[in-house]
Each structure stands twice: as structure tokens, then as C-alpha cells.
Amino acid sequence: MLDARMIRSNLEKVEQAMKNRNMAGTLDNFVRLDEQRRSILSQVEERKSFRNSDSQEIGKLKKQGMEAEDLKQKVREAGQEIKQMEEKLKAVESELQQILYNIPNLPHESVPVGADESANQEIRRWGEPRSFDFEPQAHWDLGPQLDILDFERAAKLSGTRFVVYKGWGAKLERAVINFYLDIHTSKHGYQEVFPPFMVNRECMVGTGQLPKFAEDMFKIEGRDMYLVPTAEVPLTNLYREEILEGRDLPLYLTAYTACFRAEAGSHGRDTRGIIRQHQFNKVELVKIVPAESSYEELEKLTRDAEEVLQALELPYRVVLLSTGDMGFSSAKTYDLEVWMPSYQDYKEISSCSNCEDFQARRANIRYRPGPGEKLRFAHTLNGSGVAVGRTVAAIIENYQQADGSIVIPEVLRPYMGGLEVIEG
RNA sequence: GGAGAGGUGGCUGAGUUGGUCGAAGGCGCUCGAUUGGAAAUCGAGUAGGGGGUGAGUAACUCCCUCAAGGGUUCAAAUCCCUUCCUCUCCGCCA
């Protein structure tokens with residue numbers, strides 16, 4: 001959420017930013033409601049001020065043993081008026097709130113302006129895509145052949161966009177999770193967290209999934225709760241409605257969770273394999289930092305995510321997303337894209353974003369920079385560190401051999417009981 | 001699921017015959033005094049949000065907030081209702 005006062009004094013800038021994000025419409029409604037709100041508010045407050053002083057007057061008269069029926073009557077009438085005005089104010093404020101909740105974050109000045117991913121900028125590449133001396137297979141063919149992925153039985157259990165991992169496949173998934181958590185906690189200084197996979201509405205509003213993207217979420221029937229679409233939600237909301245001490249920042253948090261997404265509107269995209277599932281595993285990185293250092297922290301966070309791909313020796317590239325391709329809450333996003341032989345292309349495996357104070361303002365996460373200083377909204381960052389299912393898919397495809405077996409990346413072998421190759 | 005207790009400022013803890021209480025005291029913190037420096041001691045200050053005047057992250061002023069929402073009343077931290085949360089006991093359960 002953007003600061004209403006900031007919008008008020010930067011109308012053109014915000015409207016242009018919305019345009020750059022392919023969001024139609026103007027801020028005319030905002031301006032109208034904002035003015036209305038302030039005008040009603042000062043009127044109400046004026047009445048209240050009179051009511052308060054009259055009411056105190058009654059108290060004084062009573063104390064002296066005098067009656068004050070006239071004054072009481074007057075205040076009673078003022079109360080009625082105030083009540084009516086407050087109802088109107090409430091209506092205006094909630095309308096205003098809805099508008100604010102639906103305005104995306106302002107892109108950082110370093111973000112390329114463009115309508116879609118074609119405007120994204122490649123920042124750097126790491127590793128060489130392997131050239132095969134045989135016809136490489138896709139993970140959705142290799143997995144079932146090796147009996148480590150079972151799509152047919154997953155459909156029986158849950159439908160499309162689900163997968164069952166079996167045997168060494170299940171082990172590999174778990175190995176990747178543990179490997180990621182171990183690196184981020186022991187080497188990069190993140191605190192490991194194991195949060196609930198279900199959260200309340202306030203959390204979803206706090207990080208920006210709601211109200212705008214309700215159709216992408218799985219809601220729990222009969223309760224105001226949602227399955228987490230990413231650990232970013234519980235991790236960032238850990239400090240919702242809290243005031244942190246400046247000296248306690250930055251906070252580095254990491255968590256493994258399953259992630260649940262309805263994938264509304266993505267019919268026909270990535271229908272094969274485990275690239276796009278309703279449930280997938282992810283190790284997430286979240287930072288809560290002072291405003292001054294958030295862009296430095298974004299670079300560091302991105303490197304932290306890259307490092308696990310380097311350790312796995314998976315070729316990837318880093319892409320700076322354009323204004324049209326960025327997520328709603330983000331001011332600047334780097335995607336990490338891993339080489340996928342089945343796509344003959346790089347495929348997103350991580351998304352690292354600086355949300356600045358956009359989420360903190362929604363979730364009311366503040367900090368006191370120093371003793372006696374005014375409270376400020378913290379800056380929040382998040383990044384996949386990285387997607388586990390897509391990692392497994394990338395390993396299967398990039399490490400496949402002509403006979404259909406899969407070599408286990410060296411760093412994962414300790415997590416696999418020393419296994420070097422998964423064979424049929 | 002049943003029975004009971006409770007939710008007050010950064011923390012702790014008063015305040016429940018409704019009235020000047022945004023809230024005593026303590027701790028913590030900030031500034032000052034003291035000291036060669038520090039501890040101890042003494043003094044002062046110290047909640048958050050929003051609106052208005054204003055060039056102002058200065059100053060002044062008003063409104064709101066004692067878990068959340070509603071109600072009673074001229075007036076509610078104090079009375080009533082609903083919801084949420086915490087704790088204790090019982091039941092159930094991994």
C-alpha cells in the first residue's frame with residue numbers, strides 16, 4: 001500500500017507508474033474521496049471538540065449539585081449529528097481503503113519500463129547449458145520411467161497439477177529442501193522458521209495477496225483462512241503490528257513450506273511435468289530491514305539464492321523484471337531462471353523482490369531507528385531460495401544420462417545416503 | 001467440547017460505587033547534574049495514529065486509541081452484548 005499523503009502530492013507520478021504496470025484507470029476517485037474524507041473528518045472533529053467540553057461542563061455542574069438538563073439536551077443532539085457524520089465518514093474511508101489496497105507498488109527508478117517480459121533485462125549468466133550427445137528427455141518422461149514421479153496416481157488422489165514423488169524422487173525432494181535450509185542458515189545467516197501453512201486474512205492482506213488476487217488462493221471452507229501461496233506470507237507477517245528496535249534489524253528469515261496456488265488463468269501453461277503445480281515446495285528467504293539498506297540487501301539476497309544453484313552446478317541467468325512483468329507488491333524484482341533442456345530455455349526458479357515499505361505499511365511493521373527517534377515503516381524483501389520442485393525438475397533434466405539414469409549433484413549426495421545415480 | 005480467570009503504554013502494574021484518566025508507581029530508555037571516567041545517586045523528559053494552521057521531519061491546536069466491534073449514557077479503561085486471544089482445570093487426541 002502506498003502512503004495516501006504521498007499519492008496526494010505525486011498524482012502524475014503515481015498514475016504514470018500505474019500505466020507502466022499495465023493498470024488502467026486514473027486516481028480521480030482517490031482524489032475525490034480523499035478530499036471528502038478530510039473535509040468530513042475536520043467537521044466531525046470540530047463537533048466532537050464542542051461535545052467534549054460541554055460534557056465536562058455538565059460534570060462540573062453536577063459536582064456543584066446543579067441540574068444541567070438544557071446542556072444535556074444540547075449535547076444529546078450533537079451526538080446524533082456526529083453519529084450520522086461518522087457513518088458517512090466510515091463509508092468514504094472504506095472505499096478509499098479499497099482503492100489504496102488495489103494500487104500496486106511504485107517501481108524503483110532502476111526498473112526498465114515495458115509492457116511485459118520482453119522488456120526485461122538480462123543482468124548476468126552463470127554456467128553453460130550442457131550440450132547432449134544424445135536426445136535429452138523431459139523430466140515428465142524421465143520421472144515416471146524411473147518411477148520417482150507418478151502423475152497418474154497423483155491425478156487419482158487430487159487431480160491435475162499434482163504429483164506424487166516416490167522412492168529416490170521423494171528422497172531427492174527432501175534432500176534439496178534440507179540442503180537449501182542448511183546453506184541459508186549456516187552460511188548466509190538466516191534464522192530458520194517453520195511456520196503454519198494456513199494463515200488468516202490479515203496476513204494475506206499484509207503481504208498483498210488480498211484483496212486483489214483472491215482467485216489465485218486456496219481458501220479454507222467455512223473459515224477465514226487460506227493455504228499459504230508462499231512462505232513469504234507467514235514470514236513477513238511474523239512481525240505484523242509490531243514495533244521493532246533499530247538495533248534488531250536487519251532480520252533474515254528462511255522457511256521451508258509447501259505452497260498452494262489455484263493457478264487460475266494459467267490453463268494450458270506448463271501443463272506437463274512439475275513446473276506448475278497446485279502444491280509445490282519452496283524454501284523462502286525474507287528480510288526485514290531499515291529503509292536505507294534495502295537495495296543493498298536485495299543484491300545480497302539475490303546472491304544468496306544464486307549460490308544454491310551454483311552449488312548444484314545448474315546453469316542460470318539473472319533477469320531484472322520490467323514494470324509490466326513485476327509482482328504487485330514489489331518495487332524491484334530479479335528473477336533467477338534455470339536452464340531447462342525440455343524447454344530449451346531458461347525457466348523461472350526464483351524471484352527476489354524489494355517491496356520497500358509497501359507491505360510494511362499494510363502489515364504495520366515498524367521500527368524505531370534509534371532511541372527517541374520517530375517510528376518508520378521497515379522495508380521487506382523476499383526471494384525464493386529457491387523453488388524445490390523446479391530444482392528437482394532441473395536436476396533430472398540437466399543431470400540425465402543416455403540410459404535414462406540421473407546423476408545426483410555432489411552436494412546432495414550426503415543427503416541421499418551417498419547415492420550417486422538414480423537408476424531405473 | 002465442558003468449567004473458570006484474564007486481556008491497560010517498550011515492559012511491569014494500579015485504576016471496575018462511570019466524570020478533569022491517555023491513564024499512578026516501578027523498570028527500561030533519553031537528556032542534564034555529579035565523576036578523571038564509570039557505577040550508584042539526584043533532577044527533567046519519555047505511547048501511537050489521524051486532521052487543521054504552517055515553507056516546515058519547528059511550533060501550536062483538535063480528534064481517536066486502555067484486545068476488536070457494537071450498545072447504554074450528557075459522559076465508559078470502568079456498565080451491557082458479540083467476537084478474538086491468553087492462562088488454569090476436566091474431557092478428547094498426534
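So that the names make sense, note that chain A is the first sequence line, chain B the second, and so on, each numbered from 1.
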Can you tell me the distance, in whole Å, between the [atom1] atom of [X] and the [atom2] atom of [N]?
X	N	atom1	atom2	result
A:Arg366	B:G9	CZ	P	13 Å
A:Glu93	B:G69	CD	P	13 Å
A:Arg247	B:G10	CZ	P	15 Å
A:Ile82	B:C64	CD1	C1'	13 Å
A:Met6	B:G50	CE	C1'	18 Å
A:Gln36	B:G51	CD	C1'	16 Å
A:Glu46	B:G51	CD	C1'	12 Å
A:Glu45	B:U65	CD	P	11 Å

Side-chain N,O ([X]) to OP1/OP2 ([N]) below 4.0 Å:
X	N	value
A:Lys48	B:U61	no
A:Asn52	B:U20	no
A:Arg5	B:G50	yes

Only pairs with both distances under 3.5 Å count, Watson-Crick or wobble alike; so what is the partner of [N] in this structure?
N	answer
B:C27	B:G10
B:U88	B:A3
B:C93	none
B:U35	none
B:A59	B:U53
B:U78	none
B:U17	none
B:C66	none

Salt bridge check: are [X] and [Y] linked by an N-O gap of less than 4.0 Å?
X	Y	answer
A:Lys347	A:Asp270	yes
A:Asp54	A:Arg51	no
A:Glu292	A:Arg376	yes
A:Asp34	A:Arg38	yes
A:Glu263	A:Arg261	no

Using a cut-off of 4.0 Å on non-hydrogen atoms, how would the nucleic acid contact of A:Arg376 be classed: base, sugar-phosphate, or nothing?
->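 If one applies the 4.0 Å heavy-atom cut-off, A:Arg376 turns out to touch nothing in the nucleic acid.
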Would you indicate what A:Ile243 reaches in the nucleic acid, counting non-hydrogen atoms under 4.0 angstrom: base, sugar-phosphate, or nothing?
->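 No contact.
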Hey, which of these two, A:Lys60 or A:Glu245, hits RNA chain B nearer its 5' end, going by closest nucleotide?
->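 Result: A:Glu245.
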Considering heavy-atom distances to RNA chain B, does A:Phe50 or A:Leu375 have its closest nucleotide positioned more toward the 5' end?
-> A:Leu375
Side chain to side chain, A:Tyr334 and A:Ile123, heavy atoms closer than 4.5 Å | yes
Going by heavy atoms in the side chains, are A:Leu172 and A:Met416 under 4.5 Å from each other?
-> yes
Integer angstrom distance from the [atom1] of [N] to that of [M]:
N	M	atom1	value
B:A5	B:C66	P	23 Å
B:C80	B:A23	P	25 Å
B:C21	B:U78	C1'	11 Å
B:C29	B:A47	C1'	13 Å
B:G56	B:U34	P	41 Å
B:U65	B:A76	C1'	14 Å
B:G18	B:A77	P	13 Å
B:U12	B:G28	P	15 Å

Can you tell me how far CE of A:Met1 sits from OG of A:Ser329, rounded to the nearest 0.5 angstrom?
->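 Going from OG on A:Ser329 over to CE on A:Met1, the span is 11.5 Å.
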Mind checking whether A:Phe218 and A:His278 have parallel, tilted or perpendicular rings, split at 30° and 60°?
-> perpendicular
Reading nucleotides 71-79 of chain B 5' to 3', which nucleotides get B (base under 4.0 Å from a protein heavy atom), which S (sugar-phosphate only), which -?
-> S--BS----
With 3.5 Å as the limit, what N/O pairs link the protein to nucleotides 52-59 of chain B?
from  : atom 1 : to      : atom 2 : distance (Å)
B:G52 : OP1    : A:Arg38 : NH1    : 3.4

Under 3.5 Å, is there a donor-acceptor pair linking the side chains of A:His188 and A:Glu307?
->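 A:His188 vs A:Glu307: donor-acceptor pair found between side chains.
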Checking A:Arg361 side chain against A:Ala378 main chain: does a donor-acceptor pair fall under 3.5 Å?
-> no
How about A:Phe151 and A:Phe162: are their ring centres within less than 6.0 Å of each other?
-> no
